[in-house]
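Note that ligands are numbered from 1 as they come in the structure, with each ligand's atoms numbered from 1 the same way. Throughout, residue positions are numbered sequentially from 1 according to the sequence presented.
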Amino acid sequence: MLGLMQNWPLLCHRIIDHAATFHGERKVITRSIEGPIHTTNYADIRARALKVAQRLEKDGIKLGDRVATLAWNTWRHLEAWYGILGIGAVYHTVNPRLFPEQIAWIINHAGDRVMITDLTFVPLLEKIADKLSTIERYIVLTDAAHMPKTTLKNAVAYEDWIGEVDGDFAWKTFDENTAAGMCYTSGTTGHPKGVVYSHRSNVLHAFMAAMPDCKGLSSRDVVLPVVPLFHANGWSLAFSTPMVGATMVMPGAKLDGPSIYELLNTYKVSFTAAVPTVWLMLLHDLEKTGGKLPHLKRVVIGGSACPRAMTKTFQDKYDVEVVHAWGMTEMSPLGSLCTMKPEYAALTGEARLDVEMKQGHPPFGVEMKITDDSGKPLPWDGKTFGRLKVRGPAVARSYYKVEGDPVFEKDGWFDTGDVATMDRYGYMQITDRAKDVIKSGGEWISSIDLENLAVGHPKVAEAAVIGVSHPKWDERPLLVIVLKKGESTTKEDILGFMQGKIAKWWMPDDVVFVDEIPHTATGKIQKLTLRQQFKDYRLPTEQAAE
Ligand code: AMP
């Protein structure tokens, strides 16, 4: 027997329809790439997205064709997303911070037919355009007055391009399992891998993301998506924000401390989200200027581990709730968020911070387990580490044009490559990437725990820990440190600070000071490069062991 309910496919453009109908006047405010602040609303965003859809169709773009965007968070980018979605084409967000060769590789692998880009990236595209054989035309997200002279094929200013149609157009309908978007993960080895979201997975994930124990969004919120749309499906903000009808503030190209601060306070932003690096810049700036955050209520921090000092400063000094989150491009991307269940809600001070350092508990729609290398489930005792595996309707089941990648296990679980503990209340804590744990004497040492501890030292700006080979222990930890500007200190001072805060056998065998630690295009520490840099490094303890 089948249910007798309506068949209403979960299509992403229904989100902008809902926003335009029931929250039509709600503002979408952008710091434009050209400079001035631009204000529009959901009703206008939808009307112009329909023009994008109509215009793409006129250019011959059909169901399943890929349309690349290489762009900052702006109202025009949002219109382009929904316009692409509305004819069943596939938005492919490209990360401009990747190396140019990687950008070209990704665009060719995806087979993108159109490139929609910002003024900022025209010179970059001009340099690699001869390699982009599948791109038929370039749309620059600007108007005629700001359109630069360019050698890009069939280049046109976005405003002129959509100006050629009248917007009298209806969205297409199709199966909810149709591809909606693509995002490549910047693997630390090999080529990037394409994740393909469906309309259904994006809509279900947006419901999940908006829930109170996730981002907890409502129409009364003012949301500032600092995280770019080109990072991990924009953390669902382009879907979950219009879905609830919240005001949206788009930061454009300026993500520095003073620019973000100005938006937070001028537009009374109540909710924002980004990686720790962005918040380090903001907090650093606030420390200098004595600025306050009277309107901001909640900040979601993820993408890499949120340092304890950051959570403490946001909460104690600025009265802003920090929600630590974990996710992956392959998960649309949310996997878990650290909001307080009743079991932990009454905690205060350091005990509360201990919980807030965890990456949290999964919402409905994410199944989670930890296993040993043979796949046997491990206990949820908050101590035992294991391989973290997930399953759900917004989790990838394959990479684009890659057959049989072993991370997608036969029983439907996805091996995240992260190593984590689970506690008795179902809170997960990442202890490492599987390939970054330091294997010492048959035991595992968490590089992330050591890094978090080291950055608590007042003179340390950034820390990375890698395993260096050791004749007796197999591997031992080497601590690599970047000091804050103008500071100096010694190895003994750093180790003295860490002493007593971790097991003795976890103490790094050596400390080296460097000017810079290498990062990936999404801001994560590039451990592979660091390991190569230090591959011939001889630990002082190694000499002692001989
Ligand atoms: P990406 O797909 O680029 O977002 O990278 C996903 C990876 O980032 C995860 O597998 C984790 O290794 C890491 N990651 C994301 N969020 C966190 C977090 N809150 N703490 C530690 N690592 C994180």
Side-chain angles (χ1 to χ4, degrees), residues 93-95 97-98 102 106 181-189 192-197 205 209 214-215 227-237 273-280 299-308 310-311 322-339 355-362 366 368 370 385-390 394-396 399-400 407 413-422 427-437 446-452 455 463-465 519-528:
T93 47
V94 184
N95 183 345
R97 295 181 186 136
L98 294 170
Q102 248 177 340
I106 285 175
M182 286 182 88
C183 189
Y184 279 71
T185 66
S186 46
T188 36
T189 52
K193 292 177 177 138
V195 176
V196 185
Y197 310 108
H205 182 263
C214 285
K215 292 189 253 169
V227 56
L229 293 181
F230 56 74
H231 268 190
N233 211 17
W235 297 11
S236 175
L237 286 163
V275 295
T277 329
V278 167
W279 304 125
L280 267 183
V299 52
V300 169
I301 305 182
S304 53
C306 175
R308 192 178 182 99
M310 183 174 287
T311 304
V322 170
V323 178
H324 191 190
W326 167 83
M328 298 182 76
T329 304
E330 289 90 334
M331 298 180 71
S332 298
L334 296 176
S336 66
L337 294 99
C338 196
T339 51
V355 175
E356 286 168 337
M357 287 302 94
K358 299 182 190 237
Q359 279 74 5
H361 52 100
V366 177
M368 192 176 269
I370 46 171
F385 321 163
R387 304 183 78 94
L388 179 64
K389 299 181 182 174
V390 294
V395 177
Y399 291 118
Y400 185 59
V407 295
W413 290 87
F414 165 60
D415 185 339
T416 64
D418 284 325
V419 173
T421 61
M422 300 286 298
Y427 281 66
M428 181 276 284
Q429 184 159 22
I430 301 282
T431 47
D432 237 315
R433 289 293 293 168
K435 55 189 179 315
D436 295 338
V437 277
S446 155
S447 63
I448 293 181
D449 279 3
L450 296 182
E451 288 159 8
N452 283 345
V455 292
V465 172
H519 288 97
T520 67
T522 50
K524 297 184 209 318
I525 293 174
Q526 217 160 25
K527 292 271 173 98
L528 191 73

Chemist: What are the atoms of ligand 1, with element, lying closer than 4.0 Å to any heavy atom of Ala325?
Modeler: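 Listed by number with element: 16 (N), 18 (C), 19 (N).
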Chemist: Trp326 vs Met328, test: side-chain contact (heavy atoms from CB on, under 4.5 Å). Steps then yes/no.
Modeler: CA-CA 7 Å; Trp326 167 83; Met328 298 182 76; 4.0 Å; yes
Chemist: Return yes if some donor-acceptor pair links the side-chain N/O of Glu451 with the main-chain N/O of Val465 below 3.5 Å, else return no.
Modeler: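 Yes; at least one donor-acceptor contact below 3.5 Å.
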Chemist: Side chains of His231 and Thr329: do they bring a donor and an acceptor to under 3.5 Å?
Modeler: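 Thr329 and His231 do not have a side-chain donor-acceptor pair below 3.5 Å.
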Chemist: With side-chain contact (heavy atoms from CB on, under 4.5 Å) as the criterion, how do Val195 and Tyr184 come out once you've worked through the C-alpha distance, each side chain's angles and the decisive distance to 0.1 Å?
Modeler: CA-CA 6 Å; Val195 176; Tyr184 279 71; over 6 Å; no
Chemist: Please write down residue, atom name and distance for the protein heavy atom closest to atom 21 (C) of ligand 1.
Modeler: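 Answer for atom 21 (C) of ligand 1: Ala305 N, 3.3 Å.
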Chemist: Give me the residue, atom name and distance of the protein heavy atom closest to atom 16 (N) of ligand 1.
Modeler: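 In this structure, atom 16 (N) of ligand 1 has Gly303 N, 3.1 Å as its nearest protein heavy atom.
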Chemist: Tell me which protein heavy atom sits closest to atom 9 (C) of ligand 1, plus the residue, atom name and distance to 0.1 Å.
Modeler: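 Ranking protein heavy atoms by distance from atom 9 (C) of ligand 1, first comes Asp418 OD2, 3.2 Å.
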Chemist: Is it true that a side-chain atom of Thr416 and a backbone atom of Leu388 form a donor plus acceptor pair closer than 3.5 Å?
Modeler: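 Yes, the answer is positive, given that a donor and an acceptor are paired below the 3.5 Å cut-off.
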Chemist: When you check the side-chain N and O atoms of Ser447 and Asp432, is any donor under 3.5 Å from an acceptor?
Modeler: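 Indeed, the side chains of Ser447 and Asp432 share at least one donor-acceptor pair under 3.5 Å.
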Chemist: Quick test: of every protein heavy atom, which one is nearest to atom 1 (P) of ligand 1, and how far off is it to 0.1 Å?
Modeler: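 Residue, atom and distance for the closest contact: Thr329 OG1, 3.6 Å.
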Chemist: What part of Arg433, side chain, backbone, both or neither, has a heavy atom within less than 4.0 angstrom of ligand 1?
Modeler: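 Looking at Arg433 and ligand 1, just side chain atoms fall under 4.0 Å.
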Chemist: Lys527 versus Arg433: any side-chain heavy-atom pair under 4.5 Å?
Modeler: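 No; the side chains remain at least 4.5 Å from each other.
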Chemist: Closest non-hydrogen protein atom to atom 20 (N) of ligand 1, residue and atom name please, with distance?
Modeler: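 Nearest protein contact, heavy atoms only, for atom 20 (N) of ligand 1 is Gln359 NE2, 2.8 Å.
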Chemist: Between Cys306, Ser304, Ala434, Pro276, flag the one that comes closest to atom 22 (N) of ligand 1 by a heavy atom.
Modeler: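 Closest candidate by heavy-atom distance is Ser304.
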Chemist: Between the side chain of Lys524 and the main-chain N/O of Gly303, is any donor-acceptor distance below 3.5 Å?
Modeler: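 Indeed, once roles are kept as given, a pair shorter than 3.5 Å links the two residues.
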Chemist: Quick one, Phe414 with Val407, criterion side-chain contact (heavy atoms from CB on, under 4.5 Å). Give me CA distance, side-chain angles, the key distance, then yes/no.
Modeler: CA-CA 6 Å; Phe414 165 60; Val407 295; 3.8 Å; yes
Chemist: Quick check on Thr185 - does any of its heavy atoms sit under 4.0 Å from an atom of ligand 1?
Modeler: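 No, Thr185 has no heavy atoms under 4.0 Å from ligand 1.
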Chemist: Can you pull out the closest protein heavy atom to atom 5 (O) of ligand 1? Residue, atom name and distance to 0.1 Å, please.
Modeler: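 Nearest neighbour among protein heavy atoms for atom 5 (O) of ligand 1, to 0.1 Å: Lys524 CE, 3.1 Å.
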Chemist: Given Met357 and Thr311, is the side-chain contact (heavy atoms from CB on, under 4.5 Å) satisfied, shown in steps?
Modeler: CA-CA 8 Å; Met357 287 302 94; Thr311 304; 3.4 Å; yes
Chemist: Please confirm whether Pro333 comes under 4.0 Å of ligand 1, counting heavy atoms of the residue only.
Modeler: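 No; Pro333 lies far enough from ligand 1 that no heavy-atom distance drops under 4.0 Å.
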Chemist: Answer yes or no: does an N/O atom from Ile430 fall short of 3.5 Å to an N/O atom of ligand 1?
Modeler: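 There is no such contact.
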Chemist: With atoms numbered from 1 as shown, which atoms in ligand 1 lie under 4.0 angstrom from a non-hydrogen atom of Met328?
Modeler: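 Selected atoms, number and element: 2 (O), 6 (C), 9 (C), 10 (O).
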Chemist: Considering only heavy atoms of Trp326, which atoms of ligand 1 have at least one such atom less than 4.0 Å away?
Modeler: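 Those atoms are 9 (C), 11 (C), 14 (N), 15 (C), 16 (N), 17 (C), 23 (C).
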Chemist: Report yes or no: does Gly327 have a heavy atom closer than 4.0 Å to ligand 1?
Modeler: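 Heavy atoms of Gly327 do come under 4.0 Å of ligand 1.
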